[in-house]
Participant: 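After the structure tokens below, expect a handful of questions from me.
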There are 2 protein chains.
Amino acid sequence: MTLRGKHLDIAASSAVNGRAPAAKAATIRDVAERAKVSVASVSRVLNGSDAITETTRQRVLDAVAHLHYVPHVGARSLSTSRTDTIGVILPDLYGEFFSELIRGMDLAARAHGKHLIVSSSHGDTEETMAALRSMRGRVDGMIVLSPHVRAANLAADVAGRTPVLVMNGGLDEGGRPAIAVDNHGGAVAAVEHLIATGRRRIAHIRGAAGNLEADIRAEGYASALAGQDPIIVEGDFTQAAGHRAATQLMALDQRPDAVFAANDMMALGALLAFQEAGVRCPEDVAVVGFDDVPLAALVRPTLTTLRVNIAEMGRRGVERLIGLVQAGANADLDSACEIVRPVLVVRQSTAAAATAGSNPDQTAASLS
Amino acid sequence: MTLRGKHLDIAASSAVNGRAPAAKAATIRDVAERAKVSVASVSRVLNGSDAITETTRQRVLDAVAHLHYVPHVGARSLSTSRTDTIGVILPDLYGEFFSELIRGMDLAARAHGKHLIVSSSHGDTEETMAALRSMRGRVDGMIVLSPHVRAANLAADVAGRTPVLVMNGGLDEGGRPAIAVDNHGGAVAAVEHLIATGRRRIAHIRGAAGNLEADIRAEGYASALAGQDPIIVEGDFTQAAGHRAATQLMALDQRPDAVFAANDMMALGALLAFQEAGVRCPEDVAVVGFDDVPLAALVRPTLTTLRVNIAEMGRRGVERLIGLVQAGANADLDSACEIVRPVLVVRQSTAAAATAGSNPDQTAASLS
DNA sequence: TAACCTGATGTAATCGGTTACATGACACAG
DNA sequence: CTGTGTCATGTAACCGATTACATCAGGTTA
């Protein structure tokens, strides 16, 4: 008894509901019909691919405008097997690093007509993989940021034939496409700068163990100490951890006269802890961070740090990935690990000390 | 002479390239074949919709696992006309506000099995609309953040039948779904707090003219002044603008004893300018910000500000939008503008002054 | 004038899912 | 033993684009 043929149904509903015409969106066939051409011509006009008479083009464009036609992305991706979308998987990342990175990526993506799907807040490797799986097929390629060592290799497996660019700071041994910050070099530069400005007891506030970047920066720190015994306190990249670590350092018998924190947020926490305790920076203790988040130039004293051009790195990542996608099957062409070298930015927090180490009356002659 | 039938071609290529089998990805039909069931059954198992024998389910799942099968998103969206993706369009926004918002949105999206397409860095209304158009058809709904007045209405038009949730801080007159911060109320609270702590010459550093939030906050400021003439300096929400503005304020004949900045970054800039000029905060001048970015608690003096739970607002936005999408045609059900009320967080930057305005000996008796 | 080329346009197969409807197996009532 | 209802499963139409190939008009050349 029910007469609901598909077309009948639609006709009825649009007749009833005069206000908000819930008629289905126009398809390429509707456009073709209205423009009195074939669907092929419409497609050609819209993709700018083939030879088309100016008359036809105009007729099609008019129809498109009149019907508010928007191509169905799913249908297109079904026949072309492209999505023009790239996925970004981020760790549970707070603060400005994240937003700067996305800004850079978005800029590059837009320049290439790609869209960006982001998925953040992935604490452990398992969550990261889940996000990766759920993105598969939805994107032409993915950028994975994960500080966990195993993540990179797993990612490539899970992704199947979807190209993956790894940005996890570790120099990947697998020969996968990657972009990494030269964490070791950066740490060495920080320590050498401290030594050059007369510091003698240099401590390190490191990131959580198991975090690739944290490990490498700590290693760089240790290797650059000229004979001095390492003094390492563990943190987790948060400002609070920096605060705690600095408190521990102040309780030591021989207080360090310099601190290299594994990132800016911890450096800032340390700075505040010193300030609260009446320990002056840079006079009593110098502080160096890592990343150069915008904040580093805003605190007092301004923070010496290792500048990583975050947005630029994001931009570069997207462009690499687009290259990988285009290369397709012969992606082997580009499997290098690109290195980003951080640059030391010297600010107030490491001005040469009036007193170095336990010599209270030695003045800082090196400052003009 | 060319014998390249489709299947032949594939067979050849996978035979040649033994290492990376570039065979096409498995389809639902491959899975059906391997599991010895029909595609319908496979689909049913994967969507958990219908009644399925446990045996069949297992066979299907095994085949899926073995073939690394991932449903083709485009094909699915073609037949269901859903994308399970929501779009977020952001203005050219720096700093922590952005990242916090995305964090909140991502959390909510993930909880509902949705994906997030973001597009940031849209300076003017035209760019915003372009982003919106290019996202159309790719998402089930969109969240538009734009401080420009016209954007909201335009957005709804351009979007066609795609649901749009506006988050631009202005109380929208059009009765569109929206979430807005109570900028007016927040500004009033800031000024009243300053008055209550004994300040008598309260200046305002506002955001750029034409920016909806800036306008409303300035209006709230003006309306809360108890008789005092308004002192307004224009900024643009950046830290540098706050610095400049504070410099201007210090050059006035009668220096203000309090500053309400339209956001935290400008408040911070002002704080630094005062500090550099030897003007003490809070003794000589009190400062209030807006947003409560994490940074506000990290500077010294810590910054009194109006807390907006940014991540929570993002979460809420996504949930509203998902509701709108589900409501579909009868989206009229929910067209309210939801208000987020900021909460005053009192910190060091507004500690009661020893001297208030031009009455040096009047103490702030009104505080308990 | 026939043969042939060229460039614009149309026809229809195809991509990989979902799902309405058809089918078939089986149990149980009459 | 037949009729009927239930439940699992299969068949095939459909979603809306792209694109290989067919077609066709018109001009050129021999």
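Residue numbers begin at 1 in each chain, while the letters A, B, ... track the order of the sequences. As the structure is a computational prediction, the values presented were derived from the model and not from experiment.
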Participant: Rounding to a whole Å, what distance do you find between A/Ile28:CD1 and D/dC15:C1'?
Facilitator: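 Those two atoms, CD1 and C1', are 14 Å apart.
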Participant: Between B/Leu165 and B/Val144, does the side chain to side chain contact (heavy atoms under 4.5 Å, CB included) criterion hold? Intermediate values first, please.
Facilitator: CA-CA 6 Å; B/Leu165 177 70; B/Val144 178; over 6 Å; no
Participant: Taking atom C1' of D/dG16 as reference, at what distance in whole Å does atom CZ of B/Arg138 sit?
Facilitator: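 Going from B/Arg138 (CZ) to D/dG16 (C1'), I get 15 Å.
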Participant: So does B/Ser41 get a side-chain nitrogen or oxygen closer than 4.0 Å to the phosphate oxygens (OP1/OP2) of D/dA8?
Facilitator: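 So the side-chain polar atoms of B/Ser41 never come under 4.0 Å of the phosphate oxygens OP1 or OP2 of D/dA8.
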Participant: Starting at the 5' end of DNA chain D, write a dot or bracket for each base, bracketing those in Watson-Crick or G-U wobble pairs whose two distances are under 3.5 Å and using | for partners on another strand.
Facilitator: ||||||||||||||||||||||||||||||
Participant: List the residues meeting salt bridge (charged side-chain N to carboxylate O under 4.0 Å, His left out) with A/Arg29, not counting sequence neighbours, and say none if there are none.
Facilitator: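 Checked A/Arg29 against salt bridge (charged side-chain N to carboxylate O under 4.0 Å, His left out); zero matches.
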Participant: For the pair A/Arg315 (side chain) and A/Ala108 (backbone), establish whether a donor and an acceptor sit closer than 3.5 Å, ignoring hydrogens and angles.
Facilitator: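 Checked: no pair found.
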Participant: Keeping B/Asp106 on the side-chain end and B/Ile102 on the backbone end, is there a donor-acceptor pair under 3.5 Å?
Facilitator: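 Such a contact is absent between B/Asp106 side chain and B/Ile102 backbone.
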Participant: Can you find a pair of side-chain heavy atoms, one from B/Ile89 and one from B/Ile143, that are under 4.5 Å apart?
Facilitator: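 No - every pair of side-chain heavy atoms lies 4.5 Å or more apart.
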Participant: Starting from C1' on C/dA8, measure out to CZ on A/Arg57 and report it in whole angstrom.
Facilitator: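 Interatomic distance, CZ of A/Arg57 to C1' of C/dA8: 12 Å.
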Participant: Starting the side chain at C-beta, find the nucleotide from C/dG17, C/dT9, D/dT18 nearest to A/Arg44.
Facilitator: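 Given the options C/dG17, C/dT9, D/dT18, the side chain of A/Arg44 is closest to C/dT9.
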Participant: Round to a whole Å and report the spacing from CZ of A/Arg29 to C1' of D/dT19.
Facilitator: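 Rounding to the nearest Å, CZ of A/Arg29 and C1' of D/dT19 are 13 Å apart.
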Participant: Applying side chain to side chain contact (heavy atoms under 4.5 Å, CB included), run through A/Leu107 and A/Val318 and close with a yes or a no.
Facilitator: CA-CA 9 Å; A/Leu107 244 46; A/Val318 165; over 6 Å; no
Participant: Which ones in residues 30-40 of chain A lie close to DNA chain D, meaning a heavy atom under 4.0 Å from one of its atoms?
Facilitator: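 Contacting residues: A/Ala40.
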Participant: Is there a side-chain contact between A/Thr85 and B/Arg138 in this structure, where contact means two heavy atoms from C-beta onward sitting under 4.5 Å apart?
Facilitator: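 Side-chain contact under 4.5 Å: yes.
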Participant: B/Asn47 has an atom CG; how far is it from atom P of C/dG16, in whole Å?
Facilitator: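 The distance from CG of B/Asn47 to P of C/dG16 comes to 17 Å, rounded to the nearest Å.
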Participant: Using atom CZ of B/Arg136 as one end and atom P of D/dG16 as the other, report the distance to the nearest whole Å.
Facilitator: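 Rounding to the nearest Å, CZ of B/Arg136 and P of D/dG16 are 14 Å apart.
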Participant: Kindly write out the residues that satisfy side chain to side chain donor-acceptor pair (under 3.5 Å) with A/Thr83, not counting sequence neighbours, or none if the list is empty.
Facilitator: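 Applying side chain to side chain donor-acceptor pair (under 3.5 Å) to A/Thr83 gives A/Asp140.
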Participant: Could you tell me whether the side chain of B/Ser43 and the main chain of B/Val39 form a donor-acceptor pair under 3.5 Å?
Facilitator: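 Between the backbone of B/Val39 and the side chain of B/Ser43 there is no qualifying donor-acceptor contact (under 3.5 Å).
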Participant: Without swapping roles, check the side chain of B/Asp30 against the backbone of B/Thr27 for a donor-acceptor pair under 3.5 Å.
Facilitator: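 Present.
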Participant: Under a 4.0 Å heavy-atom cut-off, which of residues 61-84 of chain B touch DNA chain D?
Facilitator: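 B/Leu78, B/Ser79, in order of number.
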Participant: Looking at the side chain of B/Ser43, which of C/dT9, D/dG16, C/dT19 is the nearest nucleotide?
Facilitator: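 Out of C/dT9, D/dG16, C/dT19, the nucleotide with an atom closest to B/Ser43's side chain is C/dT19.
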Participant: Under the side chain to side chain donor-acceptor pair (under 3.5 Å) test, which residues partner B/Ser119, sequence neighbours left out?
Facilitator: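 Per chain and number, B/Ser119 pairs via side chain to side chain donor-acceptor pair (under 3.5 Å) with B/His122.
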